[in-house]
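Only one structure is covered here, and it is reproduced in the block below.
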Amino acid sequence: MNYFPDEVIEHIFDFISSHKDRNSISLVSKSWHKIERCSRKSVFIGNCYAINPERLIQRFPSLRSLTLKGKPHFADFNLVPHEWGGFVHPWIVALAKARVELEELRLKRMVVSDESLELLSRSFASFKSLVLVSCEGFTTDGLASVAANCRHLRELDLQENEIDDHRGQWLNCFPESSTALTSLNFSCLKGETNLAALERLVARSPNLESLKVNRAVPLDALTRLMSCAPQLVDLGVGSYENEPDQESFMKLMAAIKKCTELRSLSGFSEVAPLCLTAFYPICQNLTSLNLSYAAEIQGNHLIRFIQFCKRLQRLWILDSIGDKGLEVVASTCKELQELRVFPSDLHDEEDNDTAVTEIGLVAISAGCPKLHSILYFCKQMTNAALITVAKNCPNFIRFRLCILEPNKPDHTTSQSLDEGFGAIVQACKGLRRLSLSGLLTDKVFLYIGMYAEQLEMLSIAFAGDTDKGMLYVLNGCKKMRKLEIRDSPFGNTALLADVDKYRTMRSLWMSSCEVTLGGCKRLARNAPWLNVEIINENENNDLMMERNEEDEREKVDRLYLYRTVVGARKDAPPCVTIL
Amino acid sequence: MEICNSYSSSSVDSTNPSPSESSVNLSLSLTFPSTSPQRATKQDWPPIKPRLRDTLKGRRHLQREYDTCLFVKVYMEGAPIGRKLDLSTFSGYESLLENLSHMFDTSIICGKRDRKHHVLTYQDTDGDWMMVGDIPWE
């Protein structure tokens, strides 16, 4: 290969787009490293504090597309303070300064300011795509800058962000000349929407394939939008709590019928059952359906809808569908690959009959041969069910089970669920992601360490008995990248047993466990290439660095450690101490 | 609001290693539920994202009268680390005292200063130290 001119090798590398493969290529030889890095267009950084923007730009001067992730995953569940960090601003500043021709920016769990968005919009003339997931810190003013200044914007995708809605005219800020939009998602905005501006924008965007509106887009507006965008493939609708009148309903149905390319449907934060029926004509084409915000809708309406969705590959739904509903899914959706069943009742007030149990899970596993990813919230589970599921579905890549009550045993035998989860990891040889729940002893971790060879991400809550549990996982799972643990009795022995293991992982999170400040300090001393962060919202964090005798007894509330090549970050807030 | 815990005895009980003649500060400050380390709080369990959590909280027919949590932080003088608890889980002063006594491993009472016990007080919005128990629980 080295006898080929560089351009030929580079051309061959162009066909390789996966980050893992490109990382492997760069390790082959010095010349391949150079060719690879100079031609790399797309970079993924799973932890924004593992590297800094200057080094990124130095290594990859031809960067066009950057993905950055900030806060750890448990931030989604209010376990990380808002001010923890993950600021995108320094990245945008550095990229702008180096005149990188940035075209795409994808951020997850980062803090984004209006200033950052303004700078972004003015610095990159070819900027095409902005995707923000679970971010916060900006307002619709920032969106207005992006709309106004990014002349070649194709994609603006805002998923589950905390955005301060100033009810301004950001949609109006797209210039009349802007006709290149392919994807627009503002479903997480809480305020009013300028409907006229939206309709004009959609009308002049013939390439628009994905449109997800917010709650404030009423039915008649939706009808008009669909009428002028029959080419839509992916639609997110608003909130329709009132039943439409006959005329509105007919108009809506007519518009929907024209959308023959529609494959994905979402939104529905509230939906009157009649509205749902308007979508029946296109159900048979749907491959993706997200009804997980439709909390008021009864199971029977959901079931009737899903009965038409024979080509569904992805389904996100609430547990109000019930076991009966899941049985219908199992017999209807033979192409199903991914299922997520979310809880609909946090206060445990509803009749247990309407929730889902192990019965629904088994039915799905038996009926859907292509199923590879599942997230399942339920009130009860049994080992027998999990063993059956494992037998039916050995192809799971992602298996996340959340039994709502912590430490709940098998409800028929009162035993732990070790055997059930053990069966899953033994059968599913390709399992990459696993979340555990229910009553679990150290034994389940013995199984995981023994069998889960491809496991990259493991989430543990209220599980295990001793440090042995965590040690089984750290010693056994060679491909582990992200380990997150809460409310489990693992302590210093497990934390410190194999410090070098953390070189091979992106991060470790431990909250409400048994690790102490002394243990964390020892770890930090032995591993200078780790950032060991203690998150503690009590006031006296300065004292933490000084006191010594009490360190061994003082338990750490939240620990987050991650490998990094750039040392301790300088933007940590007072509640975070980096040891 | 801040709660203070004070006792006035000048003779220190040898089995109770607390400072003598001082007000023990049990400061109550309202904290956001998201910062509570308590197990299975309403805000960090089950593990669902904020948007779904808000959607479910907004469910009209299931709206409870006492939907809000009321987390407070309680300090005992001599111990730098405060303990957090949810006031809305208690039915009245008795259950609060019982729980606090258990939590701090000491006996706590409301009302008059007493040499053997810790006394629960709080600091109101004006900054004045008040006895817990004077006003009705609600």
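Just so we're on the same page: letters track the sequence lines, and every chain starts at 1.
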Original post:
What pair of heavy atoms forms the shortest contact from B:Leu56 to A:Ala295, and how long is it?
Top reply: CD2-CB, 4.1 Å
Original post:
Under a 4.5 Å heavy-atom cut-off, does chain B meet the side chain of A:Ser437, its backbone, both or neither?
Top reply: neither
Original post:
Excluding sequence neighbours, so at least two apart, what forms side-chain contact (heavy atoms from CB on, under 4.5 Å) with A:Cys188?
Top reply: A:Leu158, A:Asn161, A:Ile163, B:Arg51
Original post:
How many angstroms lie between CG in B:Leu52 and CZ in A:Phe377, if you round to the nearest 0.5 Å?
Top reply: 8.0 Å
Original post:
Tell me, side chain or backbone of A:Ser187 under 4.5 Å from chain B's heavy atoms, or both, or neither?
Top reply: both
Subject >> Which atoms of A:Leu318 approach chain B - backbone, side chain, both or neither, heavy atom under 4.5 Å >> reply: side chain
Subject >> Under 4.5 Å from a heavy atom of chain B, the part of A:Ala75 involved >> reply: neither
**OP:** Could you tell me whether the side chain of A:Phe74 reaches within less than 4.5 Å of the side chain of B:Pro47, counting heavy atoms only?
**Re:** no
Original post:
Once you round to the nearest 0.5 Å, how far does OG of A:Ser512 lie from CG of B:Asp44?
Top reply: 8.0 Å
Subject >> Any donor-acceptor N/O pair, B:Trp45 side chain to A:Phe77 backbone, under 3.5 Å >> reply: no
Original post:
What pairs with A:Glu405 under side chain to side chain donor-acceptor pair (under 3.5 Å), at least two apart in sequence or on another chain?
Top reply: none
